[in-house]
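Sequence lines set the chain letters: A, B, ... in the order given, protein chains first and strands last, and positions in each chain run from 1. Computed over heavy atoms, backbone and side chain alike; hydrogens, waters and symmetry mates excluded.
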There are 2 protein chains.
Amino acid sequence: MTDPDSPEPKFRRRAEARPDEVLDAALSLFDEKGYAHTSVAQIAKTAGLSKGAVYLYFPSKQAILEGLVRRAVSPIATRAQALVDLTSDDARATLRALFSLIATSLGDPKVLAVPKVVIREAVVAPEIAAMYRREVFDHVLPAATEIIRQGIASGQLRPVDPELTLRSIIGPIVVHLLLAEIFDIVPENGLSLDQLIENHLDILFHGVFLSPEGSTDA
Amino acid sequence: MTDPDSPEPKFRRRAEARPDEVLDAALSLFDEKGYAHTSVAQIAKTAGLSKGAVYLYFPSKQAILEGLVRRAVSPIATRAQALVDLTSDDARATLRALFSLIATSLGDPKVLAVPKVVIREAVVAPEIAAMYRREVFDHVLPAATEIIRQGIASGQLRPVDPELTLRSIIGPIVVHLLLAEIFDIVPENGLSLDQLIENHLDILFHGVFLSPEGSTDA
DNA sequence: TGCTACTGACTGACCGGTCAGTTATTTTCT
DNA sequence: AGAAAATAACTGACCGGTCAGTCAGTAGCA
């Protein structure tokens, strides 16, 4: 399931590959049945070793969860840089690029599974939520906010609140996935992130109203 | 806390008030520590009775969770009706009214706590997620979608996809709360739902761009 | 022989659910 | 009225099961 390069190692002795195998097993089980309802013995069995061996690589069950998040999180600092790099002179193009980055990232179920688990276990393991925040959101959110700020500075975007507008930009994607993953609620035309993004971009570009009249300051 | 009419009932004997007391205790504990990490004994202690007594009112721990959701859910069908009723000729006013309904509902932490718990336990207790879907989303989402559809039919809204646009409308509120509740990420200007809604309405009304140029059909 | 990788039986703690028994309240009887 | 019986509300020790984590021992390898 994990590595088809070794032909048939009846009793495998490859300490280096083990931690990743354990993490793979844990992720799929956590995603499927939740952290609390997954026993270390099940993780071990799925990974193809014994319970005791798991504890050679991870000091506790929670450490497995931590390792999982850490492994998922490390490439993201890179992505945040990519986010900055994709900024072009054309704010519209930048926005499109941003969405395509998000869509391709979150399209992979394995990537999506980690934040799902983190959100579920945030109450029980606040340190993990904090780590996820530190390693992901503290990189990605400021980068994205900065893009908006630049768009305003360059005169292409209207003078909206960058932080709040960021929520207006990514919010729809999150609910879309939330409704689908948790409640199995999918639009009639299917769960197409691309369609959602297309419709959402249209709204961001033009608003929802036909007539531009009506000044609406509070 | 519940009934100040009996002065000092050292050993209280009021079977009628009990279930609600148990649910109150359970909600605060589930919200705080999660379902799995809350024992029935703790719920009992918090509610001020013994473990055995809890089982006089609820056949199982899961039934407590069900009761919690059921109690929270029952007023919502009414709200969905209110949602239909608030539809006016002015689509802008309708949208504002919709948001103010959402903001006042979700502003109450006790109301918000229930869907939070449901989302967390959805994997473990899919029947409960299904019930929540049936009793809440299956009423609220179609009602809201219909409002959008009417706005399009009356020529006030641009011909967007109603189902996807609904996600563009409510999405920002959900992420806003998600970021705040789970990751403690709050905008510089504070966690003000009103400000977020104001900014979001502005975007929905006018889009984010200054220049209306650039036709962007897929 | 010595070392690394691994095993799985075992332990201690926790917890959902039960139930025999206790305490307060109400009803019935005198 | 008060005593006695019946009933409703409640208690908490206990049982069975699960599970995270341990450890004495085994298997392959140099």
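The nearest whole Å value for the distance from the CG atom in B:Leu49 to the P atom in C:dT23 is 18 Å. Following rounding to the nearest Å, B:Lys45 (NZ) and D:dT11 (P) show an atom-to-atom distance of 14 Å. We find that NE2 of B:His37 is positioned 12 Å from C1' of C:dC15, with the value rounded to whole Å. Residue A:Gln42 contributes atom CD, which lies 11 Å from atom C1' of D:dT18 at whole-angstrom precision. Rounded to whole angstrom, the span from the CD atom of A:Glu21 across to the C1' atom of C:dA5 amounts to 13 Å. The interatomic distance linking A:Ile64 (CD1) with D:dC19 (P) rounds to 14 Å, in whole Å. In this entry the distance linking CD1 of B:Ile43 with P of C:dC15 reads 11 Å, nearest Å. Nucleotide D:dT11 holds its P atom 9 Å from the CG atom of B:Leu56, rounded to whole Å.
When each of A:Ser39 and A:Ala53 is assigned the nucleotide of DNA chain D with its nearest heavy atom, A:Ser39 is the one assigned upstream, toward the 5' end. In terms of position along DNA chain D, the nucleotide closest to B:Gly52 lies nearer the 5' end than the nucleotide closest to the other residue of the pair B:Gly52 and A:Thr38.
Between A:Asp161 and A:Arg149 there is no salt bridge, since no side-chain nitrogen of the basic residue lies less than 4.0 Å from a carboxylate oxygen of the acidic one. Between A:Asp24 and A:Lys110 there is a salt bridge, since at least one side-chain N of the basic residue sits less than 4.0 Å from a carboxylate O of the acidic one. In summary, A:Glu121 and A:Lys116 do not engage in a salt bridge, as defined by a charged side-chain N under 4.0 Å from a carboxylate O. Between B:Asp20 and B:Arg71 a salt bridge is recorded (basic side-chain N to carboxylate O distance below 4.0 Å).
Of the listed nucleotides (D:dC19, D:dG21, C:dG17), D:dG21 has the atom at the smallest distance from the side chain of A:Ser60. When distances run from any side-chain atom of A:Lys51 to the nucleotides D:dT11, C:dG16, C:dC10, the shortest one goes to C:dC10. Nearest nucleotide to the B:Tyr55 side chain, out of D:dT11, C:dG16, C:dT7: C:dG16.
Residue side chain B:Lys61 does not reach the base of C:dG17 through any donor-acceptor N/O pair under 3.5 Å, judged by distance alone.
The ring-ring contact (aromatic ring centres under 6.0 Å, His included) contacts involving residues 58-87 of chain A comprise nothing, where partners must be two or more places apart or lie in separate chains.
Contact between the side-chain N/O atoms of A:Tyr57 and the OP1/OP2 oxygens of C:dA5 is not found at any separation under 4.0 Å.
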